[in-house]
Amino acid sequence: NTRCAYPLEFIPNAKLPALGNHPSHIIMLTCDAFGILPPISKLTIPQVMYHFISGYTAKVAGTEVGITEPTAAFSACYGAPFLVLHPVAYARKLAEMLQKHSAHAWLLNTGWTGGAYGEGSRISLKYTRA
């Protein structure tokens with residue numbers, strides 16, 4: 001994951017104006033290394049706010065230097081260091097927009113199923129990228 005910004009003119013095949021419709025589906029990713037979350041969940045408004053505010057995922061080997069065993073990580077709104085407002089403000093706005101545009105929210109687990117790391121199995125990329 002990378003956060004950056006540069007002018008759209010730097011992208012030769014950008015479609016301008018860069019405007020589209022509101023999404024009908026929002027997919028939040030998490031890597032649950034403890035085998036607790038199901039592979040995919042359709043979330044209610046309160047659930048999407050909860051997961052968005054908690055920003056749960058797991059740091060796993062290969063994603064960060066020095067990580068050899070999965071460790072739980074929480075980052076409000078999946079980007080706490082970049083938040084200007086309180087996380088609840090962003091969660092309320094997300095809920096408002098989901099309701100206004102009749103959009104659906106999903107939580108996609110790219111981690112483990114059938115047990116934790118070392119016990120269960122990693123959810124196949126075949127399914128998480130479908």
Side-chain angles (χ1 to χ4, degrees):
N1 295 329
T2 301
R3 292 174 177 88
C4 68
Y6 48 87
L8 287 176
E9 297 80 43
F10 286 28
I11 305 172
N13 61 346
K15 183 178 178 183
L16 299 173
L19 301 173
N21 296 326
H22 288 277
S24 56
H25 296 272
I26 301 294
I27 300 170
M28 298 189 304
L29 300 177
T30 188
C31 177
D32 176 24
F34 305 97
I36 303 299
L37 296 173
I40 190 162
S41 304
K42 185 175 183 186
L43 304 175
T44 64
I45 295 293
Q47 289 170 331
V48 76
M49 290 176 72
Y50 172 83
H51 284 285
F52 190 59
I53 290 170
S54 69
Y56 166 69
T57 193
K59 295 178 183 180
V60 295
T63 61
E64 292 195 30
V65 175
I67 300 293
T68 57
E69 294 287 321
T71 58
F74 296 87
S75 181
C77 305
Y78 299 100
F82 306 99
L83 301 182
V84 176
L85 305 175
H86 191 280
V88 172
Y90 297 102
R92 285 184 180 145
K93 187 65 172 177
L94 175 58
E96 175 189 327
M97 298 308 278
L98 287 168
Q99 290 174 326
K100 180 178 179 180
H101 299 286
S102 300
H104 303 279
W106 303 85
L107 184 65
L108 179 63
N109 179 9
T110 62
W112 278 255
T113 187
Y117 168 80
E119 180 183 317
S121 58
R122 186 81 192 252
I123 298 171
S124 170
L125 288 176
K126 174 182 167 183
Y127 302 117
T128 60
R129 291 192 177 169

key: Main-chain N/O of Asp32 paired to Asn109 side chain as donor or acceptor, under 3.5 Å   = yes

inquiry  = Is any side-chain heavy atom of Trp106 closer than 4.5 Å to one of Leu108?
reply    = no

Minimum side-chain heavy-atom gap His51-Thr30 below 4.5 Å = no

message = To check you understand the geometry: which heavy-atom pair defines the closest contact between Met49 and Ala95, and what is its length?
response = SD-CB, 3.7 Å

ask   = For the atom pair NE2 (His104) and CG (Leu98), what is the distance rounded to the nearest 0.5 Å?
value = 10.0 Å

request  = Supply the atom-to-atom distance Leu29 CG to Tyr78 OH, rounded to the nearest 0.5 angstrom.
outcome  = 8.0 Å

ask   = Nearest heavy-atom pair of Ala76 and Leu83: which atoms, and what distance?
value = O-CD1, 3.7 Å

message = Taking Ala80's backbone N and O only, do any of them form a donor-acceptor pair with Ser75's side chain (distance below 3.5 Å, no angle check)?
response = yes

inquiry  = Main chain of Tyr50, side chain of Ser54: is a donor-acceptor contact present, judged purely on distance under 3.5 Å?
reply    = yes

ask   = So, the side chain of His101 versus the backbone of Ala103: is there a donor-acceptor pair under 3.5 Å, distance only?
value = no

inquiry  = How long is the straight-line distance from CZ of Arg92 back to CD1 of Ile53, given to the nearest 0.5 Å?
reply    = 8.0 Å

inquiry  = Please tell me whether Leu43 and Ile123 are part of a single hydrophobic cluster in this structure, the criterion being side-chain heavy atoms less than 4.5 Å apart.
reply    = no

ask   = Quick check: are there more than 12 heavy atoms from other residues, nucleotides or ligands sitting under 6.0 Å from CZ of Arg122?
value = yes

Side-chain heavy atoms of Ile26 within contact of Met97, under 4.5 Å = no

ask   = Going only through I, L, V, M, F, W and Y residues with side-chain contacts under 4.5 Å, is there a path from Met28 to Ile45?
value = yes

ask   = Out of curiosity, does Val88 fall in the hydrophobic cluster containing Leu85 (side-chain heavy atoms, cut-off under 4.5 Å, transitive links)?
value = no

query = Between Tyr117 and Trp112, how do the two ring planes meet: parallel, tilted or perpendicular, split at 30° and 60°?
reply = perpendicular

key: Where Thr63 and Val60 come nearest, the two heavy atoms and their spacing   = OG1-O, 2.6 Å

ask   = Is the count of non-hydrogen atoms from other residues, nucleotides or ligands lying under 6.0 Å from Phe74 atom CZ greater than 12?
value = yes

ask   = Of all heavy-atom pairs between Cys31 and Tyr56, which one has the smallest distance, and what is that distance?
value = O-OH, 4.3 Å

message = Testing the basics here: between Lys42 and Gln47, what is the closest heavy-atom pair and its distance to 0.1 Å?
response = O-OE1, 3.9 Å

ask   = Which atom pair, heavy atoms only, marks the closest approach of Gly114 to Glu119?
value = O-OE2, 4.3 Å

key: Linked, directly or transitively: Phe52 and Val84 (ILVMFWY side chains, under 4.5 Å)   = yes

